[in-house]
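Indexing begins at 1, ligand by ligand and atom by atom, following the structure's order.
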Amino acid sequence: MYQIRLDDLNRRSLLRKLRIIDSATGPEVRMDGRMILLLSSNNYLGLATHPKVVEAAAQALRRYGVGAGASRVTAGTLRPHAELEARLAAFKHTESALVFSTGYHANLGLIQTLAEDKRVIYTDRLCHASLIDACRLSKATLRVFRHRDAAQLASLLARKQPPAPALIVTDGVFSMDGDLAPLPELVKIAEQTGSTVVVDDAHGTGVMGPEGRGTAEHFGLTGGSLVQMGTLSKALGGFGGFVVGPRTLIDYLVNRARSFLYTTALPPAIAAAAVAALDVVESEPERRETLWQLTRRLQNGAHSLGYDTLGSQSPIVPILIGDAGKALKMGARLLEHGIYAPAIRPPTVPEGTSRLRMSVTAAHTPQQIDDVLGVLEKLRAEVRAEKA
Ligand SMILES: *Cc1c(COP(=O)(O)O)cnc(C)c1O
């Protein structure tokens, strides 16, 4: 039965296969016995292999062992977890922080808890799957507004007079499009209606804002109607998720969030690695500068070749292809040229918007970006022919 379904996925160019990498996750990786330029990692600042981050993990590994041994509320809160939470709260300029085992867990726990009071959730149509799953699990009423359309959100909320306080859920940086949420407008609407905005800053943390504090910093936002979630797994180069906000919210999450209570704590060495990663984010701002220079190089180059990058405003640079089969073929052609930026297809993105999703890291070189642009130029004729 599953074979029939797999064959069907394959026929529709929607089958996914796992590829094995035989090296650390750097700008170049070993795949199928040859070195490939990796252009699809979220390791934006190159911290997954930073010597200080690796050393902090190694030291904590020797001191605390491998596993945390239990859920955070039973016997699983170790010193590195507490240190990390203090650092995250300071980094994000909030009162408090709570670390979860993954960003996915953080979204489940946060939204389940906030939905106790806010029984209607409005989500951007292109929110990350973990947010959608979180909203569904919460059993709140789910409404969807058009991508980045704050005006439509306002009119949906105004259908009820006076508008009922709701939960407004969005990515900060959208994970497949690389564009930004209209966060100032969403926060304004929230303030007018007594609502709360949840921003998933998985791709904003360490990347957006003058000091890398995230999308809220990018827009100069603070304030009570905004709750931020993020991951340790992308720009911070490690693993895990977190929520930052007022102390009472964090204390309440400790008591209520099922994805926090009923799973084993993050390995302590991973928490220690994240502390070291935050040190590097603060002490080596040149990494972020390099990241943005390379990002603009790729964005501008792709534009001059006539590619549609879907309004990317971040190191996530999609190259719109459209049809899933064509995107798959383009991904394969890139790989023949030694570049790995796989085709992203439905259901990850809407039908007809399949794309190559490229992501730049500070560890890439200008030459590597130019090489990618060179290949994109060669493939341009093929894309045009395919589109016709
Ligand atoms: C990656 C991602 C997550 C999940 O984070 P993990 O730590 O990988 O579980 C959540 N939201 C968005 C927008 C993401 O891109």
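- Atoms of ligand 1 found under 4.0 Å from any heavy atom of Y104 (numbered from 1 in listed order, with element): 4 (C), 5 (O), 6 (P), 9 (O).
- Surrounding CD of E351 are at most 12 heavy atoms belonging to other residues, nucleotides or ligands under 6.0 Å away.
- The contact set between ligand 1 and S175, taken as ligand atoms under 4.0 Å from a residue heavy atom, comprises 15 (O).
- Between H128 and F174, the ring center distance fails the sub-6.0 Å criterion.
- Ligand 1 lies out of reach of H105, whose nearest heavy atom is not under 4.0 Å from it.
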Between R146 and D149, does the salt bridge (charged side-chain N to carboxylate O under 4.0 Å, His left out) criterion hold? Intermediate values first, please.
CA-CA 5 Å; R146 281 189 299 265; D149 193 341; 3.1 Å; yes

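- Residues in residues 259-279 take part in these side chain to side chain donor-acceptor pair (under 3.5 Å) pairs, two or more places apart or across chains: R87-D279.
- The protein non-hydrogen atom at the shortest distance from atom 2 (C) of ligand 1 is K234 NZ, 2.3 Å.
- The pair E185-K188 fails the salt-bridge criterion, with no side-chain N (NZ, NE, NH1 or NH2) lying under 4.0 Å from an Asp/Glu carboxylate O.
- H218 and T215 form no side-chain donor-acceptor contact under 3.5 Å, judged by distance and modelled atom types alone.
- Near A202, meaning under 4.0 Å from any of its heavy atoms, are these atoms of ligand 1: 2 (C), 11 (N), 12 (C), 13 (C), 14 (C), 15 (O).
- On a distance-only criterion, G103 and ligand 1 share at least one N/O pair closer than 3.5 Å.
- Close contacts of ligand 1 with H203, meaning ligand atoms under 4.0 Å from a residue heavy atom, involve 14 (C), 15 (O).
- Enclosure of atom CZ in R247 is not indicated, since only 12 or fewer non-hydrogen atoms of other residues, nucleotides or ligands lie within 6.0 angstrom.
- Residue contacts with ligand 1 leave out A129, since none of its heavy atoms falls under 4.0 Å from the ligand.
- Against a heavy-atom cut-off of under 4.0 Å, D200 is close to the following atoms of ligand 1: 10 (C), 11 (N), 12 (C), 13 (C).
- Of all atoms in ligand 1, numbered sequentially from 1 with element shown, those under 4.0 Å from a heavy atom of S233 are 6 (P), 7 (O), 8 (O).
- At a threshold of 4.0 Å, the pair R355-D308 does not count as salt-bridged, since none of the basic side-chain nitrogens sits closer than that to a carboxylate oxygen.
- If you number the atoms of ligand 1 from 1 as listed, the ones under 4.0 Å from a heavy atom of T231 come out as 5 (O), 7 (O).
- Every atom of ligand 1 with a heavy atom of S130 under 4.0 Å away is listed here by number and element: 10 (C), 11 (N).
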